[in-house]
> 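Here it is, the structure in full.
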4 protein chains.
Amino acid sequence: MDGFQRRRELKKRNILEAALALFMKHGIQKVSIVEIAKEANVSQVTIYNYFESKHKLIHEVFIFYINKAVVDFENIIEAKLPFPEKIKKIIFNKKEVASQIHEEFYHYMMKEYTEGNEIEKLYNEKAIPYFIKLFEEGKEQGYVDPNLSNEAILFYVHMLKEYIQKEEVYQKILPLTEDITNIFFYGVVGNKEV
Amino acid sequence: MDGFQRRRELKKRNILEAALALFMKHGIQKVSIVEIAKEANVSQVTIYNYFESKHKLIHEVFIFYINKAVVDFENIIEAKLPFPEKIKKIIFNKKEVASQIHEEFYHYMMKEYTEGNEIEKLYNEKAIPYFIKLFEEGKEQGYVDPNLSNEAILFYVHMLKEYIQKEEVYQKILPLTEDITNIFFYGVVGNKEV
Amino acid sequence: MDGFQRRRELKKRNILEAALALFMKHGIQKVSIVEIAKEANVSQVTIYNYFESKHKLIHEVFIFYINKAVVDFENIIEAKLPFPEKIKKIIFNKKEVASQIHEEFYHYMMKEYTEGNEIEKLYNEKAIPYFIKLFEEGKEQGYVDPNLSNEAILFYVHMLKEYIQKEEVYQKILPLTEDITNIFFYGVVGNKEV
Amino acid sequence: MDGFQRRRELKKRNILEAALALFMKHGIQKVSIVEIAKEANVSQVTIYNYFESKHKLIHEVFIFYINKAVVDFENIIEAKLPFPEKIKKIIFNKKEVASQIHEEFYHYMMKEYTEGNEIEKLYNEKAIPYFIKLFEEGKEQGYVDPNLSNEAILFYVHMLKEYIQKEEVYQKILPLTEDITNIFFYGVVGNKEV
DNA sequence: AATGAATGAGGGTTCATTCAT
DNA sequence: GATGAATGAACCCTCATTCAT
C-alpha cells in the first residue's frame with residue numbers, strides 16, 4: 001500500500017470513527033452528513049467521494065463497528081478466566097467498544113443484520129463460532145444445561161448484552177448486577193442447591 | 001363535560017390514535033405532522049391548537065399508550081391463571097396493544113421514561129404495583145426465589161418483553177419459546193430437580 | 001368556486017406563467033425552482049405544495065402551454081382568411097403564445113408528447129382536428145395535393161413552425177419568408193405554371 | 001510533431017471522442033466532467049489541463065464534430081449519384097456521424113453557431129461551399145427552381161435534416177419518406193405535370 | 001375554533017473546478 | 001505532466017411551524 005492509499009485509508013477511518021461516534025450518541029437519522037464532515041474535519045463531498053451515499057456510509061460504519069466489537073469479544077473468550085467471569089464480562093462490560101450506545105444505532109444495525117446481507121455474514125462467520133465455543137465450554141464445565149439449544153442461550157446473552165448497553169438502562173441496573181447474573185444462571189426460581 | 005368539551009376530547013383522541021398508529025408503524029422521526037393530520041382527518045393547525053408542538057404531541061401519545069397498555073396488563077394479572085402462564089402471556093403476548101411496535105417508538109418512550117417526568121410517574125403509579133403483586137404471588141407459590149429483589153425480576157421481565165416485541169426479533173425466537181421460558185425460570189444451569 | 005379556490009387557481013396560474021416564461025427563455029434544466037419561486041413571488045415550498053415536484057410542474061406547464069397555443073391556433077383556423085394566409089400565419093406567427101421559445105423546452109415537451117401520455121391525448125383531441133379541417137379546406141380549394149397524406153403535411157407544417165420558432169433561426173430567415181412559403185407550396189422545383 | 005506532441009494530440013482526441021459520444025447520447029448538461037474522464041480513461045484534471053473549462057471543451061467538441069460531419073457530407077456531394085438521391089441521403093441518412101443525436105447537443109451547437117464565432121466560420125468555409133455547389137448542380141439539371149435563393153434552399157435542407165435526426169421524430173416519419181420527399185421537390189400543391 | 005396557505009431552515013446529493021502530491 | 005483528493009455552491013426536496021382568513 002503506497003502513500004496515497006495509506007492516507008486514503010486513514011481518512012476513511014477518520015470518517016468512520018467520527019460517524020460511529022455520532023451515530024452512537026445521537027442515533028442515525030438525527031446525524032447529518034454535515035455534522036459528520038465537521039467532526040471528521042473534511043468536506044461533505046469528501047464523504048460522498050468515499051462512501052457514495054449516507055446509506056452506504058451507515059453500512060460501512062456497521063461493518064467497522066462489528067469488526068471492532070469482534071476483536072474485543074475474542075479477547076474475552078480466549079482469556080484465562082472462569083466461565084462465569086467471561087459471561088459477566090461479555091454481558092456487563094460496556095468498555096469493549098463504546099461506553100454509550102444509542103438505541104437507534106442498534107436498531108438500524110439489527111435491521112441490516114436480519115436482512116441477510118453482508119453484515120449478517122460477517123457476524124455469522126466471525127462472532128457466532130466464538131459464542132458456540134464458549135457455550136460448549138460452559139456445558140463441559142457444568143455451568144450450562146446441555147439440553148439447552150445454543151440458539152436459546154445466544155438469544156439470552158444477546159438480549160442481556162444489548163439491553164444493558166442502552167444508556168438509559170445501564171445506570172439503573174448497576175446495583176442489580178449480582179441478582180441479574182443469578183437469574184441468568186439459575187433463573188427466577190433460584191439456586192435450590194445452595 | 002358539556003358538548004363542546006366532549007367533542008374536543010373526541011377529536012383529541014382521534015389525533016392521538018392516528019399518531020400512535022403511525023408512530024408504531026414507522027417510528028417517530030419519519031412521521032410528519034401532515035401525515036398525522038391526514039390520518040386523523042384534521043388540519044395540521046388543529047394539531048398545534050391541541051398539542052402546541054410535535055414534541056408535546058409525542059409526549060401525550062406516550063401517556064395515551066401507557067394507559068392503554070396498563071389496562072391490558074391489568075387484565076392478565078387479575079386473571080385466573082397459574083403463575084407461569086401469566087408470565088408467559090406478559091412476555092410473549094404481542095396482542096396487548098399493537099402487534100407490531102416500531103423500535104424507535106419504544107426508544108423515545110423509554111428515554112422519556114427515564115427522564116423522571118410524568119410518564120415515569122404514571123408508570124410507577126399504575127404498572128409497578130401490579131408487577132409487585134404478581135411477583136409476590138410467584139414467591140408465595142414457590143415459583144420465584146424470595147431472595148431476589150423485585151427490581152431485578154422486573155428488569156428481567158421488562159427486558160424479555162421489550163426485546164421480544166421487536167419486529168425483527170419476534171419471528172426468530174418463536175421456535176425457542178420453550179427454551180426461553182425454561183431459562184427464565186431455571187437459568188442456563190437448568191432445572192437440576194428434574 | 002369560492003374565494004379560497006379562486007385565489008388558489010390564481011396563484012397556480014401565476015406560478016405556471018412564471019415557469020413557462022423562464023423555461024422558454026432558458027430551457028428547463030437551467031431553471032431552478034428557486035428562480036421560478038422568485039419570479040412568481042412565492043416561496044419554493046409553495047410550488048411544492050401546488051405541484052409536488054419539478055417534474056410534475058414541468059408537466060403542468062406543458063399542458064398550460066398547449067392549451068394556450070390551441071386557443072391561438074383555433075383563432076387562426078376559424079378566421080376569414082384565404083388558405084395560404086392561414087398557413088403563413090400558423091408557420092410564421094410567433095406572437096401566438098411567446099415570442100421566444102427556448103429549444104430545450106420544445107425538446108422536453110416533444111418527448112412527453114411522444115411518450116403517449118396526457119399531453120399527447122390533449123394534443124390529439126384539441127389540435128389535430130383543426131389541422132385536418134384546415135388541410136381538407138386546402139385540398140378542396142386546390143391548394144393542396146389531394147394525394148398527400150394528412151400526416152405528411154402535418155409533419156411539414158409542424159417542422160416549419162417549430163424550426164422557425166427557434167430564437168436563433170427566426171431572425172436569419174425573416175428575409176426569406178417569400179421563398180420559404182413558395183417552397184412550401186411549390187417545392188424546390190418551383191411553380192411551373194407561372 | 002514529435003513524440004510528445006503526438007501523444008498529446010492522441011489523448012486530446014480520445015477525450016473529444018469520449019465527450020462527443022456522451023453528449024450525443026445524453027445531452028450536454030447531464031454529462032459531467034467525471035463521466036467524460038472515466039470514459040476517456042484520464043483524470044478530470046487532465047481534461048482541465050487540455051481544455052481549461054467545460055465550456056471550452058464543449059466548444060472544441062463542436063469543432064471536432066463539424067469536421068467529422070463535413071467529411072461525411074463531402075462524400076455524398078462528390079459521389080456519382082443523381083441529384084435527388086443526394087438530397088435524400090443528406091436529409092434522411094442518419095448514419096453520417098451518429099445514429100442517434102441528442103437534441104440538446106444540437107441546440108447548444110446551433111447556439112454557438114449563430115453567435116458568430118469560430119464554429120460559424122468553420123461551417124461557412126467548409127460546408128456551405130459544398131451545399132452551393134450541390135444546389136447549382138440541381139438548378140442546372142432542372143431539379144431546382146433557379147429563382148430560389150440558395151439561402152432558402154439551404155434553410156429547407158437544414159431544417160429537414162435536423163428535424164428528422166431527432167430521435168423522437170425519426171421513427172414517426174419513416175413511412176412518410178416518399179411524401180416528404182415529394183413535398184420537398186413539388187410542395188404541397190404537388191407535381192401537376194404527372 | 002378551524003383551516004388552507006406559506007415559510008425558513010435544513011437534509012442528502014451533484015458538479016465544475018482547484019489543490020497538493 | 002498527470003493524478004487522486006478536496007471543495008463551495010447549487011439543486012431538489014421535506015418538515016415543523018406560523019400566518020391569514
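A, B, ... follow the sequence lines: proteins, then strands. Residue 1 opens every chain. The figures that follow rest on heavy atoms only: side chains count, while hydrogens, waters and symmetry mates do not.
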> Tell me: CG of A:N14 to P of F:dA5, nearest whole Å?
15 Å

> Is any side-chain heavy atom of A:V42 closer than 4.5 Å to a side-chain heavy atom of A:I47?
yes

> Tell me: CD of B:E52 to C1' of F:dT18, nearest whole Å?
14 Å

> Can you measure C:F51 atom CZ to F:dC13 atom P for me and round it to whole angstrom units?
13 Å

> Can you tell me if D:E60 uses its side chain to pair, donor with acceptor, with the backbone of D:L57 under 3.5 Å?
no

> Whole Å only: how far is the CD1 atom of A:I33 from the P atom of E:dT14?
11 Å

> Heavy atoms, side chains only, cut-off 4.5 Å: are B:Y65 and B:L16 in contact?
no

> Taking 4.0 Å as the cut-off, does a side-chain nitrogen or oxygen of B:S43 come that near to OP1 or OP2 on E:dA2?
no

> Considering just the side-chain nitrogens and oxygens of B:T46, establish if one lies under 4.0 Å of OP1 or OP2 belonging to E:dT3.
yes

> Hey, which of these two, C:V45 or A:V31, hits DNA chain E nearer its 5' end, going by closest nucleotide?
C:V45

> Let me spell it out: for each of D:Q29 and B:K11, pick the nucleotide of DNA chain E with the closest heavy atom. Which residue's pick is nearer the 5' end?
B:K11

> On DNA chain F, check which nucleotide each of C:S53 and A:V42 is closest to and give me the residue with the more 5' one.
A:V42

> Using Watson-Crick and G-U wobble pairs whose two distances are both under 3.5 Å, how do you write the pairing of DNA chain E as dot-bracket, with | for links to another strand?
.||||||||||||||||||||

> What heavy-atom pair brings C:F51 and C:K56 nearest, and what distance separates the two atoms?
O-CB, 3.2 Å

> Counting only side-chain N and O atoms of B:R8, is one of them less than 4.0 Å from OP1 or OP2 of E:dA1?
no

> Would you say D:N41 and D:N14 make side-chain contact, with heavy atoms under 4.5 Å?
no

> For C:Y48 and E:dG4, give me the distance from atom OH to atom P, rounded to whole Å.
23 Å

> Whether the side chain of C:Q44 and the base of F:dC12 hold a donor-acceptor pair under 3.5 Å is what I'd like checked.
no

> Pick one: which of B:E39, B:K68, B:K12 meets side chain to side chain contact (heavy atoms under 4.5 Å, CB included) with B:E17?
B:K68

> Are C:Q29 and D:K30 close enough that some pair of their side-chain heavy atoms sits under 4.5 Å apart?
yes

> F:dA2 phosphate, OP1 or OP2: any side-chain N/O from D:Y50 under 4.0 angstrom?
yes

> In whole angstrom, what separates B:K30's NZ from E:dG11's C1'?
12 Å

> Have a look at B:V34 and say if it touches a base, only the backbone sugar-phosphate, or nothing, with a 4.0 Å heavy-atom cut-off.
nothing

> Please give, in whole Å, the distance from F:dT3 P to D:N41 CG?
10 Å

> In whole angstrom, give the distance that lies between atom CG of B:N49 and atom P of F:dT17.
13 Å

